[in-house]
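Within every chain, numbering begins at 1; the chains are lettered A, B, ... in the order of the sequence lines, protein sequences first and strands thereafter.
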Number of protein chains: 2
Amino acid sequence: MMSSVTIERKRVECNSLPKGWQREEIIRKSGISAGKMDVCYYSRTMRSDVSLVPPIRQTASIFKQPVTVIRNHEVGKVKHDAKHAAQDKPKQMFWEKRLERLRACHSSGEELEDIILPRSIRSIGPNVNEQTVLHSLATALHILSSPVTGQTSSKTEFNKNATAFINPDQPLMQSVLVSEDDIRRQEDRVNIARKKLQDALKS
Amino acid sequence: MMSSVTIERKRVECNSLPKGWQREEIIRKSGISAGKMDVCYYSRTMRSDVSLVPPIRQTASIFKQPVTVIRNHEVGKVKHDAKHAAQDKPKQMFWEKRLERLRACHSSGEELEDIILPRSIRSIGPNVNEQTVLHSLATALHILSSPVTGQTSSKTEFNKNATAFINPDQPLMQSVLVSEDDIRRQEDRVNIARKKLQDALKS
DNA sequence: CGGAGTGCCTTA
DNA sequence: TAAGGCACTCCG
C-alpha cells in the first residue's frame, strides 16, 4: 500500500519577486478553514552593523558634565573582527541615513571638505546624496567579505519600490563595472605618484 | 501638574456569571501587544477536606502483608478542628463521588442498610444518587460553620453547566427550607422518644 | 508577552 | 464565493 504525506509548510525562492525574496505556503490543518493556505513573503535579512552604532551625546548622573558615549560592541563581549561578527540581529533599512549628520574633522576640530566621488559611482534610492553613498560604500568595504558591486536592480525598479528591490548587503550605489581601461588608468596614476615620491626623496 | 496612574490589574465580582465568580483584567504594559488585555476568571475555591481522605489498601515493602493506610491529616502537622482548618488547598469538584463505594458496617462486618432520606432532601447534579447526597450532606454538617442550605442555582442551570453554577461550600442537594411545621413535627418526635425512654427506664 | 494558528469580516 | 487581511485565542 502506498502512503502519502501532505506537505504542510514549504518555503521556496520566489521568481515573481526580486532576487532574494522567498515565498512560504502554510496549509491550515484544522478548524473550519482547514485546507486553506496562508502565504508569507520573506526578504533577505540585513547584516548587523556591530561597529557602526553612532556615538551618542548624553548626560548621566554619574558624570559632572554631558559626555559622548561610544559603544563599539556589546558590553561584556569580546570584540571580534567585524567581518566575522554574528549576523543574527537585523539592521534597519537605509540605516546609512542615520550617519548623514556626521562629518569627519581634523584634530583641531576643523571639518574636512566633502569628498568628491568618481563619476562612475552614482547614488540610488530616495534622497540618497553623495555623502550618504560614501558612508554606505565605506561601510560595505569595511564589513563585506564578498565583492562590493552595488545594487543590481534598475533605477526604475528601485525608485518604484525600494523596500522590495533593495539588496541590503550592497551599498546604495548603482552597479559599478570596472573595465580594463579603468584598471590601466589607475595603474598609470599609481606609477605617476611613485615617480613623484622618488623625485621628492632625491632632492 | 496632575499625575495619573493607569490601573494595570483589577479583580471584581462578575455579574454576567453565577454568583461567586470573579473576573480579573490585566493590561499588558510593554511589547508589541502593549495595551491589550488578558482576562482571568476565578471560581470560589473549595474548602479542603482535611479529614476526608479515604483510606487506601496498599502494599509496601516494609510490611509483611498488604495494609490499609489511613491519613487523617498532613504528616508532621498538628491536627486541628476541621472547621478551623487552613483552607488553602482546593478540593476536587464532585469529590463526594469518590466516597460512593464506601459503606458503613457493623463490627461483625455486616453492611448497614441504605439510609432513606426525607423527601424534602433531593439530589442535584449529574448521577448524584441518594447515598452520594448523604455523604455530601454529612460532610457539610461536619465541616461547615455556616448554615447548610444546599445549592441555590436552579436544577436547569445546574444541569446545563454544573462546573460554573455549583456552590462548592454547599452539599449536592437542592435548596431546603425548614418550615415552622417541620420544627413542630420534629419537636413532637423528640417528645415521643423521650416518653418512650422514660417508660423503658421505669420498667 | 510573543508567536502560531485559526476565525471571520470585507471586498470584488 | 473565494481570497485577502486583520483580530483573536491559546499556549509556552
**Asked** Does B:Glu130 use its side chain to pair, donor to acceptor, with the backbone of B:Leu117 at less than 3.5 Å?
**Response**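 Present.
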Using atom [atom1] of [X] as one end and atom [atom2] of [N] as the other, report the distance to the nearest whole Å.
| X | N | atom1 | atom2 | result |
| --- | --- | --- | --- | --- |
| B:Lys29 | C:dC1 | NZ | C1' | 10 Å |
| A:Ile32 | D:dA2 | CD1 | P | 13 Å |
| B:Met37 | D:dC8 | CE | P | 11 Å |
| A:Arg28 | C:dG7 | CZ | C1' | 7 Å |
| A:Ile27 | C:dA4 | CD1 | P | 17 Å |

**Ion pair A:Asp199/A:Lys196, N-O distance below 4.0 Å** =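 A:Lys196 and A:Asp199: not salt-bridged.
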**Closest contact, heavy atoms only, A:Thr132 versus A:Glu100** =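 Looking at all heavy atoms of both residues, the shortest contact is OG1-OE2, 2.8 Å.
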**Request:** Verify the contact: side-chain N or O of B:Ser33 to OP1 or OP2 of C:dG2, cut-off strictly under 4.0 Å; return yes or no.
**Result:**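 Yes, such a contact exists.
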**Message:** Is the phosphate of C:dG5 approached by A:Ser30 (side-chain N or O, under 4.0 Å from OP1 or OP2)?
**Reply:**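 Answer is no, no contact under 4.0 Å.
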**Prompt:** Of all the nucleotides listed (D:dA2, D:dC8, C:dC1), which has the minimum atom distance to the side chain of B:Asp38?
**Reply:**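 Closest of the options to the side chain of B:Asp38: C:dC1.
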**Asked** Which is true for A:Ile26 with a 4.0 Å heavy-atom rule: it touches a base, it touches only sugar-phosphate, or it touches nothing?
**Response**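 Since no nucleic acid heavy atom lies under 4.0 Å of A:Ile26, the category is nothing.
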**Asked** Run the salt bridge (Lys or Arg N to Asp or Glu O under 4.0 Å) check on A:Asp181 and A:Arg184 step by step: do they pass?
**Response** CA-CA 5 Å; A:Asp181 258 15; A:Arg184 245 188 307 278; 3.3 Å; yes
